[in-house]
Structure formats: structure tokens, C-alpha cells
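Keep in mind that what you see is a predicted model, and the values were worked out from it rather than measured.
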Amino acid sequence: MSLSRTNMLVRSLSTSSTSAQLVKAPIQVFGLEGRYASALYSAASKNKALDTVEKELSQFQQSIKTDAKLKEFIINPTLKRTLKVEALKHVATKINLSATTSNLLGLLAENGRLNKLEAVINAYKVIMAAHRGEVTCEVITAKPLDEAQKQSLEAALKKFLKGKESLKLTAKVDPSLIGGMIVSIGDKYVDMSVASKVKKYTELISAAA
């Protein structure tokens, strides 16, 4: 999508007649969802609604997961776009969504892109994490980490950070690792499945930093 078309997205999502000049997102997210999310970031930034939009989209995403009728409405390709636009306007008013979030839902409906909504939401979350200086880290271990192990690991992982960046750690369990650990941090991937103790894992991470 060209810059002019991206600016058109920004204009559509904005709530004022502010210039459509793009406010650049802190990181680039590729694909159609990335373009919508970047335009949303720009519009929300101008409207001073970055955090509000993120919160509303997260709540809406949760509703999609728990409300089968809403999910069917979102993904059903046979429903007319105009019907979806009007229905989402009604929903937005009913649950008091901000104008920026409401504009996103309406624009996706108009363009027949509601099937990309969750991908757009996830892309926006990635952009917002970067906006806050968060570095996402996922740790997969064979057994759950206890608090001492987690603190030790976090201390080692923080050596990857720069400046005002902060660590956002997610821990998962996969028994098939047979006592090992796999760590992905930002765009780095460290496979430590051959290590035997958390102390050794943290030493490896420290050395790799």
C-alpha cells in the first residue's frame, strides 16, 4: 500500500480534520493487518487515544472469543457490508467505544476486511508494546519455573535490553523438552534445551547478550 493510501486510512480513522500526515509507528508490522494497525496507531496518536484504543480492542477481542454469535457475525462472508457497518455502529454506541475504535470497525466492515480484525488487533498490540519500550520474551520450559528461578532468568534476560526498554515475560510449559528451555526475546531466539539447570540457562543467556 502506498503512503497516500495509508494516509487515506489515517484520515478514515481520525476523528478530526487534522492533517492526514502519518505518525510513524515505533516498529513496522508487515501485511495488511500491519498497514491497518499502523494507520490506527497514527490516528489514535493524533486523537490522544492510544491506550484507550488498545484497551477497547482487547476487550472486543475477548468478546469475540466468548460470544459465538459475535464471532459468526464478524467472520460470515455472506452478510452484506452495509449491514455489518450499521450493526457495528450500534454495538460501538451501546458499549461506548471511542470514535477511533468505532471508526476502525466501520472501516474494516466497509472494506470487507472484518476477517482480519483479530490480526489487526494483535498487530496494534505489538506496536503498542514497542511504543511503551516493552521487549516481549517467551520462555518454554519442561516444568513450571518457581519464583526464584523466574527472577534469576529475568535478571539474565534484562541484559538484552537497551536504554529504557522493559521486559515482558511469558512462561509456557512443554514436557517434551525433557528438562530443557527455549527462549525467544524480541527478534532473538536462543535454544537451550540441552542445558540441565536454570543457573546454567541464565549463564548462557548472559554470555550471549
Side-chain angles (χ1 to χ4, degrees), residues 1-134 136 138 168 170 186-187:
M1 182 178 288
S2 66
L3 182 59
S4 62
R5 291 184 67 188
T6 301
N7 284 344
M8 286 176 63
L9 274 179
V10 176
R11 256 199 307 270
S12 299
L13 293 170
S14 295
T15 59
S16 69
S17 57
T18 309
S19 167
Q21 184 177 357
L22 185 68
V23 175
K24 191 174 180 181
I27 59 170
Q28 184 175 4
V29 182
F30 297 96
L32 180 69
E33 60 270 25
R35 292 192 287 271
Y36 272 93
S38 296
L40 179 64
Y41 175 85
S42 180
S45 179
K46 292 177 182 181
N47 298 333
K48 295 179 171 45
L50 287 170
D51 294 330
T52 297
V53 169
E54 183 181 27
K55 181 180 179 181
E56 290 175 343
L57 288 178
S58 293
Q59 292 173 340
F60 198 83
Q61 185 177 38
Q62 187 59 36
S63 296
I64 293 173
K65 293 177 180 178
T66 57
D67 188 332
K69 289 184 178 179
L70 177 60
K71 183 175 182 178
E72 170 62 21
F73 175 81
I74 293 293
I75 65 175
N76 190 337
T78 65
L79 295 176
K80 291 183 178 180
R81 294 183 186 183
T82 52
L83 175 64
K84 287 190 174 185
V85 170
E86 290 305 313
L88 286 172
K89 282 183 180 178
H90 175 73
V91 170
T93 301
K94 186 176 180 180
I95 61 177
N96 296 317
L97 291 180
S98 67
T100 307
T101 302
S102 178
N103 287 348
L104 172 71
L105 296 177
L107 186 62
L108 288 172
E110 286 176 12
N111 294 343
R113 300 292 190 181
L114 275 177
N115 62 324
K116 292 285 187 179
L117 176 57
E118 286 212 72
V120 172
I121 293 174
N122 290 334
Y124 185 74
K125 287 179 177 179
V126 169
I127 291 173
M128 284 300 294
H131 170 77
R132 288 188 291 267
E134 294 175 356
T136 302
E138 182 180 77
K168 188 174 183 181
T170 301
D187 59 355

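- Here the CG-CZ distance, from Leu40 to Arg35, works out to 15.0 Å after rounding to the nearest 0.5 Å.
- With rounding to the nearest 0.5 Å, the separation of CE in Met128 from CG in Asp51 is 4.5 Å.
- Closest approach of Lys71 to Ile64, counting heavy atoms only: CB-O, 3.5 Å.
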Take Leu108 and Leu88 through the side-chain contact (heavy atoms from CB on, under 4.5 Å) test and state the conclusion after the steps.
CA-CA 10 Å; Leu108 288 172; Leu88 286 172; over 6 Å; no

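- A donor-acceptor pair is defined here as one N or O able to donate and one able to accept, closer than 3.5 Å; such a pair exists between the side chain of Glu56 and the backbone of Ser98.
- A distance of 11.0 Å separates OG1 in Thr100 from CG in Leu105, rounded to the nearest 0.5 Å.
- Considering all non-hydrogen atoms of both residues, Ser102 and Ala92 come closest at OG-CB, 3.5 Å.
- Closest non-hydrogen pair, Ala87 versus Phe73, comes out as CB-CZ, 3.4 Å.
- Using modelled atom types, one side-chain atom of Arg81 and one backbone atom of Glu110 make a donor-acceptor pair closer than 3.5 Å.
- With rounding to the nearest 0.5 angstrom, the CD atom of Gln61 is 4.0 Å from the NZ atom of Lys125.
- Using modelled atom types, one side-chain atom of Lys84 and one backbone atom of Ile74 make a donor-acceptor pair closer than 3.5 Å.
- By the neighbour-count criterion of 12 heavy atoms within 6.0 Å, atom NZ of Lys89 is sparsely surrounded, having that number or fewer from other residues, nucleotides or ligands.
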Glu54/His131 under side-chain contact (heavy atoms from CB on, under 4.5 Å): CA gap, chis, key distance, verdict
CA-CA 12 Å; Glu54 183 181 27; His131 170 77; over 6 Å; no

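- Here the straight-line distance linking atom CG of Asn111 with atom NZ of Lys116 works out to 13.5 Å at 0.5 Å rounding.
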For the pair Phe60 and Leu117, evaluate side-chain contact (heavy atoms from CB on, under 4.5 Å) and give the outcome as yes or no after the intermediate values.
CA-CA 10 Å; Phe60 198 83; Leu117 176 57; 3.7 Å; yes

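- Looking at every heavy atom in both residues, Val120 comes nearest to Ala37 through O-CB, 3.9 Å.
- Side-chain N or O atoms of Asn76 include none that pairs as donor or acceptor with a backbone N or O of Glu72 at under 3.5 Å.
- Residues Tyr41 and Val23 share a closest heavy-atom pair of CD2-O, 3.9 Å.
- By the 4.5 Å heavy-atom criterion applied to side chains, Leu104 and Leu57 are counted as neighbours.
- Side chain of Ser63 to main chain of Gln59: a donor-acceptor pair is present (N/O by atom type, distance under 3.5 Å, no hydrogens or angles).
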